[in-house]
S.K.: 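Let me begin by handing over the structure; questions about it come next.
Note: hydrogens, waters and symmetry copies are ignored here, and every other heavy atom, side chains too, is used.
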Amino acid sequence: SYVNTREILDKASKEYYGVAAFNINNLEFLQAILAGAAEKKSPAIIETSEGAIKYAGMGDYFKGARIFVNMVKEFANDLDIPVALHLDHGKDFNIIMACIKAGYSSVMIDASHYDFEDNLRITKDVARIAHAAGVSVEAELGQLAGIEDNVEAAENVLVNVDQAEKFCAESEIDFFAPAIGTSHGAFKFKGEAKLDYDRLKKVKEITGKPLVLHGASSVVQEYVKIAEEHGADFGGSKGVPSDVLKETVKFGINKVNTDTDLRIAYIAGLREYLDNDSKQFDPRKYYKVAMDYTKQVVMDRIDILGSAGKI
Ligand SMILES: O=C(COP(=O)(O)O)N(O)CCCOP(=O)(O)O
Ligand SMILES: [Zn+2]
């Protein structure tokens with residue numbers, strides 16, 4: 001069934017397990033994600049960035065938002081698991097409104113690149129409007145290093161715990177993303193993967209809200225290897241190790257943003273297939289291994305986060 005994201009995350013927050021939020025840009029990733037989540041009897045949060053919405057709508061983001069709502073609802077209505085659709089890293093007010101109008105379960109207002117007062121003001125505005133339309137809201141404090149959309153954040157800015165308290169109290173958001181040392185993409189750490197558990201524990205204690213981990217992909221080396229055996233160059237790639245991920249769930253992370261892991265599994269399967277079958281040109285065939293590997297990563301992630309059977 002198609003649900004509001006709060007329904008999934010309030011339960012996860014109460015029972016201290018994680019629910020992966022999987023990014024999609026097309027039909028094939030959605031099919032692989034829902035097949036994996038259904039097999040694991042796990043709730044599923046599907047999320048799309050502004051880039052994904054522009055991509056699907058060929059530049060028309062109202063169309064893109066409607067395409068994703070219709071695709072997700074078509075599948076969700078026939079599934080026994082709760083499925084939500086979330087706007088990831090909403091920065092453009094018009095795209096946020098397009099998603100609310102199209103029927104998204106929740107939206108992220110990402111004003112984390114503004115100073116605290118502006119972030120709070122913008123977030124309050126969006127929360128008021130989204131809630132009036134029955135849509136739940138995510139917001140972020142602190143910054144992840146690396147390219148976030150087209151905004152280059154030089155280095156990590158970790159969440160300030162006192163600011164988090166004021167932010168969550170005054171902005172009325174439903175779930176909160178504290179930056180604790182992760183970054184987007186496949187090259188998250190030069191050395192050891194260290195996250196600030198202490199800040200995370202304090203933020204959970206003070207806000208009591210469902211929390212979100214951005215940049216949470218583990219960059220599974222099994223699929224990196226397959227991709228590299230078939231021509232990819234992902235040297236130096238490193239993600240959040242699964243034991244570290246489990247620690248963050250133990251300390252209160254409930255929504256676990258996962259995009260890179262799906263992308264690597266998919267490209268590994270696609271490269272492997274194309275190397276092994278020079279005669280094939282049916283996309284229902286040459287995407288199959290890519291989708292199988294992506295489904296496998298989805299199911300492994302669900303096992304690590306503990307959301308299997310939580311429906
Ligand atoms: O936190 C994450 C994913 O983190 P990951 O890279 O560790 O999977 N996300 O919000 C996904 C961001 C995807 O944005 P874009 O479509 O512009 O590339
Ligand atoms: Zn993110």
S.K.: Do Ser106 and Phe175 come within less than 4.5 Å of each other through their side chains, counting heavy atoms only?
M.R.: yes
S.K.: Do Leu195 and Leu200 make a side-chain contact, defined as non-hydrogen atoms from C-beta onward lying under 4.5 Å apart?
M.R.: no
S.K.: Could you go step by step and tell me if Tyr293 and Tyr223 meet the ring-ring contact (aromatic ring centres under 6.0 Å, His included) rule?
M.R.: CA-CA 8 Å; Tyr293 285 178; Tyr223 296 103; 5.5 Å; yes
S.K.: Which atoms form the tightest heavy-atom contact between Tyr104 and Val135, and what is the distance?
M.R.: O-CG2, 3.6 Å
S.K.: Once you measure the plane-to-plane angle for Phe176 and Phe167, does it fall in the parallel (<30°), tilted (30-60°) or perpendicular (>60°) bin?
M.R.: tilted
S.K.: May I ask you to decide whether Glu117 forms a salt bridge with Arg121, counting only side-chain N to carboxylate O separations under 4.0 Å?
M.R.: no
S.K.: Indicate whether any N or O donor in one side chain lies under 3.5 Å from an N or O acceptor in the other, for His214 and Glu138.
M.R.: yes
S.K.: Look at atom CZ of Phe116 and say whether more than 12 heavy atoms of other residues, nucleotides or ligands are closer to it than 6.0 Å.
M.R.: yes
S.K.: More than 12 heavy atoms of other residues, nucleotides or ligands under 6.0 Å from OH of Tyr55: is that the case?
M.R.: no
S.K.: I'd like to know if Val19 and Ile302 are part of one continuous hydrophobic network [Ile/Leu/Val/Met/Phe/Trp/Tyr, side-chain heavy atoms within less than 4.5 Å].
M.R.: no
S.K.: Is a side-chain donor or acceptor of Ser105 paired with a backbone partner of Val3 at a separation under 3.5 angstrom?
M.R.: yes
S.K.: Taking atom CD as the centre, does Glu74 end up with more than 12 heavy-atom neighbours from other residues, nucleotides or ligands that are less than 6.0 angstrom away?
M.R.: no
S.K.: When you compare the side chain of Pro178 with that of Glu140, does any pair of heavy atoms fall below 4.5 Å?
M.R.: no
S.K.: Evaluate the side-chain proximity of Thr294 to Arg263: yes if any heavy-atom separation is below 4.5 Å, no if none is.
M.R.: no
S.K.: So, is the end of the Lys201 side chain (NZ or CZ) under 6.0 Å from the ring centre of Phe251 and within 45° of the ring's axis?
M.R.: yes
S.K.: Is the number of heavy atoms from other residues, nucleotides or ligands under 6.0 Å of Lys288 NZ greater than 12?
M.R.: no
S.K.: Kindly say whether the aromatic ring centers of Tyr273 and Tyr286 come within a distance under 6.0 Å.
M.R.: no
S.K.: In chain order, what residues pass the side chain to side chain contact (heavy atoms under 4.5 Å, CB included) check against Asn77, with sequence neighbours excluded?
M.R.: Tyr2, Lys73
S.K.: For residues Leu211 and Gly252, report the shortest heavy-atom separation together with the two atoms involved.
M.R.: CB-O, 3.4 Å
S.K.: Looking at Tyr16, does the NZ or CZ of Lys204 lie under 6.0 angstrom from its six-membered ring centre and within 45 degrees of the ring axis?
M.R.: yes
S.K.: In the structure I gave you, are the side-chain heavy atoms of Val219 and Lys238 within less than 4.5 Å of one another anywhere?
M.R.: no
S.K.: Taking the side chain as every heavy atom from C-beta outward, state whether Leu305 and Arg301 have any atom pair closer than 4.5 Å.
M.R.: yes
S.K.: Has the side chain of Asn26 got a donor or acceptor atom that lies under 3.5 Å from a matching backbone atom of Phe29?
M.R.: yes
S.K.: Is Leu213 close to Leu245 at the side-chain level, that is, under 4.5 Å between some pair of heavy atoms?
M.R.: yes
S.K.: Of all the heavy-atom pairs spanning Lys124 and Ser171, show the shortest one and how long it is.
M.R.: CG-CA, 3.6 Å
S.K.: Can a salt bridge be assigned to the pair Lys295 and Asp292 using a cut-off of 4.0 Å between side-chain N and carboxylate O?
M.R.: no
S.K.: Give a yes or no on whether the backbone of Ser218 and the side-chain of Asp261 come within a donor-acceptor separation of less than 3.5 Å.
M.R.: yes
S.K.: Lys54 side chain to Gly59 main-chain N or O, any donor-acceptor pair under 3.5 Å?
M.R.: no
S.K.: Just grab all the salt bridge (Lys or Arg N to Asp or Glu O under 4.0 Å) pairs involving residues 14-35, residues at least two apart or on different chains.
M.R.: Lys11-Glu15, Glu15-Lys310
S.K.: Would you check if Lys101 and Phe62 make a side-chain contact, meaning some heavy-atom pair closer than 4.5 Å?
M.R.: yes
S.K.: Salt-bridge test for Asp275 and Arg271: reply yes if a basic N is under 4.0 Å from a carboxylate O, no otherwise.
M.R.: no
S.K.: Before you tell me yes or no, could you show the steps for Thr123 and Asp125 under side chain to side chain contact (heavy atoms under 4.5 Å, CB included), namely the whole-Å CA-CA distance, both residues' side-chain angles and the distance that decides it to 0.1 Å?
M.R.: CA-CA 5 Å; Thr123 301; Asp125 284 352; over 6 Å; no
S.K.: Identify the two heavy atoms, one from Ala308 and one from Ser42, that lie closest to each other, and give their separation to 0.1 Å.
M.R.: CA-CB, 4.2 Å
S.K.: Apply the test side chain to side chain contact (heavy atoms under 4.5 Å, CB included) to residues Arg199 and Lys202: give CA-CA distance (whole Å), side-chain angles for both, the deciding distance (0.1 Å), then the verdict.
M.R.: CA-CA 5 Å; Arg199 259 174 230 258; Lys202 287 190 179 124; 5.8 Å; no
S.K.: Scan Asp259, Asn23, Thr48 and name whichever one has a side-chain contact (heavy atoms from CB on, under 4.5 Å) with Asp88.
M.R.: Asn23
S.K.: Got a sec, which pairs hit salt bridge (Lys or Arg N to Asp or Glu O under 4.0 Å) with one end in residues 167-177, sequence neighbours left out?
M.R.: Arg6-Asp174, Lys166-Glu170
S.K.: Of His184, Glu47, His86, His89, which meets side-chain hydrogen bond (donor to acceptor under 3.5 Å, both in side chains) against Asn257?
M.R.: Glu47
S.K.: Verify the neighbour count for atom CG of Asp80: are there more than 12 heavy atoms of other residues, nucleotides or ligands below 6.0 Å?
M.R.: no
S.K.: Taking all atoms of both residues into account, what is the closest heavy-atom pair of Ser307 and Pro43, and its distance?
M.R.: O-CD, 3.5 Å
S.K.: Would Lys225 and Glu228 pass as an ion pair if we require N to O under 4.0 Å?
M.R.: no
S.K.: Specify the closest pair of heavy atoms between Ala32 and Met291, including all atoms of both residues, with the distance to one decimal.
M.R.: CB-O, 3.6 Å
